[in-house]
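Here it is: the structure, laid out below.
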Amino acid sequence: KSKSQIHPPSPASLPFIGHLHLLLPIPYRALHSLSLIHGPIMLLRLGQIPTLILSSSSAVRSMTKSHDIAFSSRPNLKVPRQLFYNSKNISFSPYGPYWRQTRKLSVLHLLSTKRVLSFRPIRNSELSIMLSNISNHSLSGPINLSETIYFFTTNILCKVTLGQSISEESQCRMLHDSISEAAMLFSAFSADDYFPSLKWLNMFSSLDSKIAKIFKKLDGFITSVVEDHLIAGVRERDDDNADLVDILLSLQKNPPSGEFSPTMDEVKAIILNMLTAGTSTSFIFLEWAMSELIQNPKVMKKLKEEVTSVAGKGSMVTEENVNKMPYLKAVAKEVLRLHPPAPLLLPRETIEDIELEGYKIPAKTRVLINAWAIGRDPKSWDAAEEFKPERFINSDLDYHGQDFEFIPFGVGRRICPGIQFAVATIEFAIANLVHHFDWEMPKGLSAKDLNMDEGQGLAMHRKYPLVLVAKKVD
Ligand code: HEM
């Protein structure tokens, strides 16, 4: 048989569940171990769903260079379907006209360079709030940095999307809780997604009612924010103070020629998409960045020196300063290489039959791309498991989807459209956190004691919160 007639290799499977049990406990690690035995292009059966696993840069290169469109759909999964107004968000809508329109809208109007710059005052004020919270806390003992960072990233996203008025503590708290509950739902096991023909399996799960409860809370909240905007008067989209709700409502009322006018459910789905896509990813990045810096004091020292030499002692590091900090940028890349917040990216689905590196892949195959394994592949990286930001100095390697060995933001047409937004926040936060404080482990513990385990599920968050002592730098 020629390769084009055969399916990719596959491990032995169990009746009924297929290979589902092989994903435990941590899917990207388990899939990596399997790929070492069965190869970088593997076909698993997860319940009833044929799922292609890509684990090498060359497989991702072939996918993107030769079949980008064919790999550009997303599976119709339960949580996004029910949470995002029937998958009316960008992240989970299937490849087609609706996705193209919303993607264009987000790239042109919500996440453009100009727009990301216009949100600078929000980043500045949220950063000042985070620094003073840490400062106030620093005398009374160790601080739960995970929690502090979570508030920081969620507040930025809330203010950018919903507007400055969302500042009341109770509103923020409700939104923080709901967003983190929604993020947890994405990692929950949904029988529907793996056994679509066995609807009765749902009887044994409480997932539907959990989704309905969170949806009700989030929808109620976003609807009231939209109504408030309509009552107060929607800002025009070229207004620098416009938030994302303003921009979407102004596009709805007055779409530029050739662009589409989103319905109210579509506006709400896009808003919710921005809130969920932007918060946990940036939060996870910052948690791992601080963990790695604690574990690698030489890197921390070198980074502090760079930040002080550019920004000067004692003052706030500005976003302009950050652009003159190559070592900081290298540290950020190294964190994303070892700890990609979405280690399996977001699932894809093929839209037609394809031949990939000689293997036959039918239409409607689900696809998982193991960015975590690719970032640690010893064929591409020297001392792949070590945290060495220096590898990115004097190197053109970047995360914009051209270098297939480094794909924390994905590749091709479905690559993350929020890269600029994310990088502006995370580099700025790291620079200031290391500039204003000396960070240490709680009394009696050393860096070696820091637990670096990952939590279960699909996102790559820390298993345990990061608790550190902050000493203010004079
Ligand atoms: C460190 C932060 C972030 C990381 C690591 C990240 C990573 C990703 C990844 C891996 C994907 C899937 C790409 C693929 O399928 O190839 C994605 C998609 C997406 N991201 Fe991000 N992201 C981050 C921050 C953000 C932010 C701040 C926003 C917006 C405010 C955002 C909005 C989106 C959207 C809308 C999609 C869906 C794109 C589509 O399906 O066409 N992301 N992101």
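The basis for the numbers below is simple: all heavy atoms, side chains too, and nothing from hydrogens, waters or symmetry mates. The chain is numbered in sequence order, starting from 1. Just follow the structure's listing: the first ligand is 1, and inside any ligand the first atom is 1.
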Protein heavy-atom partner closest to atom 37 (C) of ligand 1 - residue, atom, separation in Å: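 In this structure, atom 37 (C) of ligand 1 has S91 OG, 3.3 Å as its nearest protein heavy atom.
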
Part of F409 with heavy atoms under 4.0 Å of ligand 1, whether side chain, backbone, both or neither: both

Proximal candidate to atom 31 (C) of ligand 1 [heavy atom criterion; set C416, A332, A371]: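 Selected option, by shortest heavy-atom distance: C416.
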
Point-to-point distance, once rounded to the nearest 0.5 Å, from CG of L286 to CG of L466: 10.5 Å

Six-ring centre of F152, R123 cation under 6.0 angstrom, axis tolerance 45°: no

Aromatic ring pairing F409/Y399, orientation class (parallel under 30°, perpendicular over 60°, tilted between): perpendicular

Identity and distance of the protein heavy atom lying nearest atom 14 (C) of ligand 1: R414 O, 3.3 Å

P408 touching ligand 1 at heavy-atom level, < 4.0 angstrom: yes

Min N/O separation R74 to ligand 1 under 3.5 Å: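 Right, the criterion is met.
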
Whether H339 and W288 hold their rings parallel, tilted or perpendicular, with breakpoints at 30° and 60°: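 Parallel: the ring planes of H339 and W288 meet at under 30°.
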
For L111, the ligand 1 atoms whose distance to one of its heavy atoms is below 4.0 Å: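 Result: 29 (C), 30 (C).
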
Mutual orientation of the aromatic rings belonging to F406 and F392 [parallel < 30°, tilted 30-60°, perpendicular > 60°]: tilted

Proximity to ligand 1 by part of T425, non-hydrogen separation under 4.0 Å: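 Neither; nothing of T425 gets under 4.0 Å from ligand 1.
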
Those atoms of ligand 1 less than 4.0 Å from some heavy atom in A422: 2 (C), 24 (C)

Backbone or side-chain N or O of P341 under 3.5 Å from ligand 1 N or O: no

Under 3.5 Å: donor-acceptor pair, side chain of T51, backbone of I49: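 Checking the backbone N and O of I49 against the side chain of T51, a donor-acceptor pair under 3.5 Å is found.
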
Geometric cation-pi criterion, R366 with Y194: 6.0 Å, 45°: yes

W99 near ligand 1 by a heavy-atom separation under 4.0 Å: yes

Any N/O pair R413/ligand 1 closer than 3.5 Å: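 N/O-N/O distance below 3.5 Å does not exist for this pair.
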
L43 backbone acceptor or donor facing Y359 side chain under 3.5 Å: no

Those atoms of ligand 1 less than 4.0 Å from some heavy atom in R348: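 In order of numbering, the contacting atoms are 14 (C), 15 (O), 16 (O).
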
